[in-house]
Amino acid sequence: MSASAGPLAGKRVLVTRERPGELGEMLEARGAFVVHAPLIAAGDPDDGGLGLRNELERLSTFDWLVVTSAAGAERVGKAARDAPGVRLAAVGTATARTLGELAGRDVDLIPSVQTGAALAAALNARVDNGIRVLVVQADRAAPTLVDVLVGSGHEVTACVGYSTVLLDVDPDVIAGADALVLASGSSAESWVASVGLATPPVVVAIGPTTAGVAQRLGLKISSVAADHSLAGLAAELERQFSGTLGV
């Protein structure tokens, strides 16, 4: 799973996303031994998905479809393919890749910083007048994206596309880890619920929102990625170990 050399060579890194995917590949390319210890999973929303299905049936009446995760993209991809006139926006590259593949076309907008606030700002910079936006997100999603769009005068329909299920972690799997990377506030919540406040020596959060949730729960965060993206998360983890590795 790991490369024999690289700035993270010999480091055992816990990746807590539902799927290690792009982040895992970035860390392995730096030499890390990536341990997949998922803390969250996507499940059906409380209404069984009825609300989302109703909105997707009228997707062609919206100007933009916005998704904030790969899990959300998976649930709207086919509908997006059937509504070619609707423009697509995704919070980050991994989400955009999933959405684009399922929709059969390129995603129109991806912010340079992978946060809800940055996505809202990028969409506002792209359009001038009030538009109709369907935002599909998790039940635990922060309100920032929707609040900013509504405050900018857009007609926004926020729909819960999936629920975030907190998972337990096998203590044997995480034993001896050198670092923990947190890519969401839900992951931090699940870590505390499953493991407690004990962490590996280095804990890196993808952005201030995730770090804020973790710190409110009592977790000690070593640093926050300067670039709030998966690439920024990997780069910050590398920087944390640079002193001991001499790079």
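Throughout, residue positions are numbered sequentially from 1 according to the sequence presented.
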side-chain contact (heavy atoms from CB on, under 4.5 Å) between Val173 and His36, intermediate numbers included: CA-CA 9 Å; Val173 172; His36 184 214; over 6 Å; no

Are Leu52 and Val160 close enough, and set up right, to give a side-chain contact (heavy atoms from CB on, under 4.5 Å), and what steps lead you there? CA-CA 7 Å; Leu52 177 60; Val160 174; over 6 Å; no

Under the criterion side-chain contact (heavy atoms from CB on, under 4.5 Å), I'd like the reasoning laid out for Ser194 against Leu166: C-alpha separation, chi angles, the key distance, then a yes or no. CA-CA 9 Å; Ser194 177; Leu166 304 186; over 6 Å; no

When you look at Asp63 and Val127, which way does the side-chain contact (heavy atoms from CB on, under 4.5 Å) test go after all the steps? CA-CA 10 Å; Asp63 300 302; Val127 299; over 6 Å; no

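Clustering ILVMFWY residues whenever any of their side-chain heavy atoms sit less than 4.5 angstrom apart, transitively, puts Val34 in the very cluster that holds Val181. Transitive grouping of hydrophobic side chains (ILVMFWY, heavy atoms separated by less than 4.5 Å) brings Ile131 and Leu119 into a common cluster. By the criterion of side-chain heavy atoms lying less than 4.5 angstrom apart, applied directly or through intervening Ile, Leu, Val, Met, Phe, Trp or Tyr residues, Val156 is not grouped with Val86; the two fall into different hydrophobic clusters. In the hydrophobic cluster analysis, where Ile, Leu, Val, Met, Phe, Trp and Tyr join through side-chain heavy atoms closer than 4.5 angstrom, Val169 is grouped apart from Val165. Val13 and Val202 fall within a single hydrophobic cluster, where Ile, Leu, Val, Met, Phe, Trp and Tyr are joined by side-chain heavy atoms under 4.5 Å apart, directly or via other members.
In this structure the side chain of Thr68 never reaches within 4.5 angstrom of the side chain of Thr95, judged on heavy atoms. Inter-residue side-chain proximity for Thr115 and Thr209 is flagged as unmet; no heavy-atom pair is nearer than 4.5 Å. Leu182 is not listed as a side-chain neighbour of Val213, based on a closest heavy-atom distance of 4.5 Å or more. By the 4.5 Å heavy-atom criterion applied to side chains, Val76 and Leu56 are counted as neighbours. Counting only heavy atoms from C-beta outward, the side chains of Glu189 and Leu39 never approach each other to under 4.5 Å. By the 4.5 Å heavy-atom criterion applied to side chains, Val146 and Gln137 are counted as neighbours.
The backbone N or O of Met26 lies less than 3.5 Å from a partner atom in the side chain of Arg30, making a donor-acceptor pair. Between the side chain of Asp178 and the backbone N or O of Pro200, no donor-acceptor pair lies under 3.5 Å. Judged purely by atom type and a 3.5 angstrom limit, Trp191 uses its side chain to pair as donor or acceptor with the backbone of Ala198. For the pair Ser163 (side chain) and Asp44 (backbone), a donor-acceptor distance under 3.5 Å is present. With Asp108 contributing its side chain and Leu88 its backbone, the two residues share a donor-acceptor pair below 3.5 Å. Looking only at distances, a side-chain donor or acceptor of Ser190 sits under 3.5 Å from a matching main-chain atom of Leu167. Judged by distance alone, with hydrogens and angles left aside, the side-chain atoms of Ser222 form a donor-acceptor pair with the main-chain N or O of Val203 at under 3.5 Å. For Arg17 (side chain) and Glu22 (main-chain N/O), no donor-acceptor pair under 3.5 Å exists by modelled atom type.
Minimum interatomic distance between Ala179 and Leu237 (heavy atoms only, all atoms of both residues): CB-CD1, 3.6 Å. Annotation for Tyr162 and Pro45: closest pair CA-CD, 3.9 Å, computed over non-hydrogen atoms. Among all heavy-atom pairs drawn from Asn129 and His154, the shortest one is O-CE1, 3.4 Å. Annotation for Ala37 and Ile174: closest pair CB-CG2, 4.1 Å, computed over non-hydrogen atoms. Taking every heavy atom of both residues into account, Ser152 and Asn124 meet most closely at OG-ND2, 2.8 Å. In terms of heavy-atom proximity, Gln240 sits nearest to Val204 at CG-CG2, 4.0 Å.
Of the options Ser69, Ser187, Ser186, a side chain to side chain contact (heavy atoms under 4.5 Å, CB included) to Thr164 is made by Ser186 and by none of the others.
Residue Asp170 qualifies as enclosed at atom CG: its count of foreign heavy atoms under 6.0 Å is above 12. Within a 6.0 Å sphere centred on CG of Asp46, other residues, nucleotides and ligands contribute 12 heavy atoms or fewer.
Cation-pi contact between Arg132 and Phe62: present, with separation from the ring centre below 6.0 Å and deviation from the ring axis of at most 45°.
Note that CG of Leu99 and CZ of Arg75 are 13.5 Å apart. Values are rounded to the nearest 0.5 Å. For the atom pair OG (Ser229) and CD1 (Ile110), the distance works out to 12.0 Å, reported to the nearest 0.5 Å. Atom CD of Glu28 and atom CG of Leu8 lie 11.5 Å apart (nearest 0.5 Å). Between Leu233 atom CG and Thr210 atom OG1 the span is 9.0 Å, to the nearest 0.5 Å. Annotation: the span from Asn54 atom CG to Asp47 atom CG amounts to 8.5 Å, rounded to 0.5 Å. How far OG1 of Thr199 is from CG of Leu14: 10.0 Å, rounded to the nearest 0.5 Å.
No donor-acceptor contact under 3.5 angstrom links the side chains of Glu55 and Thr157, judged on distance only. A donor-acceptor contact under 3.5 angstrom links the side chains of Glu236 and Ser223, judged on distance only.
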